[in-house]
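First comes the structure, then the notes that go with it.
First listed ligand is number 1; within each ligand, the first listed atom is number 1. A quick note: this is a predicted structure, and the numbers were derived from the prediction, not measured.
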Amino acid sequence: YSAKRAGGGWAIYDAEVHGDGEHALRTAEDLRRAISQGELVLHYQPQITVADGELAGVEALVRWQHPGLGLLLPGRFLPVAEDHGLIGQVTWTVLQGAVRQSAEWRRAGLDLRVSVNVSATDLLDPDLPRALGALLLQHRVPPARLVLEVTETTLVRDQDRASQVLAELADLGVATSIDDFGTGWSSLAQLHRMRFSELKLDRSFTRDLLTHERAAAITASTVDLAHALGLRVVAEGVEDAETLARLASLGCDESQGYWHAVPMPADALVEWAAHHREEALPRGW
Ligand code: C2E
Ligand code: MG
Ligand code: MG
Ligand code: MG
């Protein structure tokens, strides 16, 4: 057991699913097979403009359609992927799926911004910008319609290399987002050093917005800071109308959460988008 596995998500993962290291190893083999056989699937969660309720984009979230265990959430298998050198393959599978899906939606007249989560290890791969550029070109998806979400903890690990890869991705025209903002210790330094295009306010602030004045104060300041730097602000984990209203009064740009929609398969998203557009039209149309 590595130190990493002694705490946090790993310990939970092991206790719940595995119970022993050997089982984790089998899961790694299982995951390797799953990747090649297409068992990783993407669900998409809408991101809604706060001002007018439009569908602005979606976040792609990976799931493992496991033959025996059903649909597994990323918390159940991404730590295994990280520890067994499979995260790069997972990311590439997700990027391919998301870009292909984006192209398909575009052909059907649905021009959605698509966000993909990338991990620390991915940003240490100097080949990522070139490969991603080729993928976007192949599917004729404008780079700016793809957003790469990076968490703060990702960024602190090897700042120089990660910054270099991020800068090359930015040169490519791909948008970048600082995910779970406010949960790391280096938020301001990251904003100072890197040119992100979006900031995702962590769910812990959104959740406490109505009940904790301190969370509201942090949110208000974060929105102002982000706007001063030219970043779009997306709030995560919005679960009720009151929170959405408060986010609107604070000037937050976009909202994502169960209040709007849960993550869903691509075809369900298309139906959701059509229904959402109809609902947004004034009565009598
Ligand atoms: P994240 O990027 O912060 O994604 C948001 C998570 O919050 C998702 O969980 C989403 O289902 C959940 N969520 C959305 N709205 C609400 C809400 O209103 N309330 C609550 N309680 N939760 C909400 P999910 O899909 O389990 O993903 C967890 C994390 O796994 C993600 O957090 C992201 O860090 C990581 N992840 C997901 N997909 C990928 C991927 O393709 N690659 C990588 N490297 N990481 C991924
Ligand atoms: Mg994310
Ligand atoms: Mg997030
Ligand atoms: Mg989060």
Tell me whether Asp180 has at least one N, O or S atom under 2.8 Å from the Mg ion (ligand 2). no
Angle, OE1 of Glu149 through the Mg ion (ligand 2) to OD1 of Asn117 - 10° precision: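 Taking the Mg ion (ligand 2) as the apex, the two atoms subtend 90°.
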Check Glu59 and report its N/O/S atom nearest to the Mg ion (ligand 2), by atom name.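 The Mg ion (ligand 2) is closest to the Glu59 atom OE2, counting only N, O or S.
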I'd like to know if the side chain of [X] pairs up with that of [Y] as donor and acceptor (distance under 3.5 Å, no hydrogens or angles considered).
X: Thr243; Y: Asp240; result: yes
X: Gln256; Y: Gln47; result: yes
X: Trp64; Y: Glu39; result: yes
X: Asp52; Y: Thr49; result: yes
X: Ser177; Y: Glu198; result: yes
X: Asp122; Y: Ser119; result: yes

Is the gap between the ring centers of Trp105 and Tyr44 under 6.0 Å?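 Centroid distance Trp105-Tyr44: below 6.0 Å, so yes.
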Which ligand 1 atoms, with their elements, are less than 4.0 angstrom from a heavy-atom of [X]?
X: Val238; value: 18 (O)
X: Asp179; value: 1 (P), 2 (O), 3 (O)
X: Gln45; value: 14 (C), 15 (N)
X: Pro263; value: 11 (O)
X: Glu239; value: 17 (C), 18 (O), 19 (N), 20 (C), 21 (N)

Counting only nitrogen or oxygen atoms and a 3.5 angstrom limit, does [X] reach ligand 1?
X: Thr151; answer: no
X: Val62; answer: yes
X: Trp259; answer: no
X: Asp180; answer: yes
X: Glu236; answer: yes

Pairs satisfying side-chain hydrogen bond (donor to acceptor under 3.5 Å, both in side chains), at least one member in residues 136-145, at least two apart: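 Found Asp111-Arg145.
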Would you say [X] touches ligand 1, if touching means a heavy atom closer than 4.0 Å?
X: Glu59; answer: yes
X: Lys200; answer: no
X: Gln256; answer: no
X: Gly75; answer: no

Donor-acceptor pair, side chain of Arg161 and main chain of Leu124, under 3.5 angstrom: yes
Within the distance-only criterion (no hydrogens, no angle test), does the side chain of Ser255 pair as donor or acceptor with the backbone N or O of Leu244 below 3.5 angstrom? no
Can you spot which of Glu59, Glu54, Glu254, Glu149 makes a salt bridge (charged side-chain N to carboxylate O under 4.0 Å, His left out) with Arg113?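 Of all the options given, the one that passes is Glu254.
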More than 12 heavy atoms of other residues, nucleotides or ligands under 6.0 Å from CZ of Arg33: yes or no? yes
Counting only heavy atoms, tell me which of Asn117, Thr91, Val116, Val118 gets closest to atom 43 (C) of ligand 1.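 Among Asn117, Thr91, Val116, Val118, the closest heavy atom to atom 43 (C) of ligand 1 comes from Asn117.
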By atom name, which N, O or S atom belonging to Asp179 lies closest to the Mg ion (ligand 3)? OD1
Tell me whether Glu236 has at least one N, O or S atom under 2.8 Å from the Mg ion (ligand 3).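 Yes - counting backbone and side chain alike, Glu236 has an N, O or S atom under 2.8 Å.
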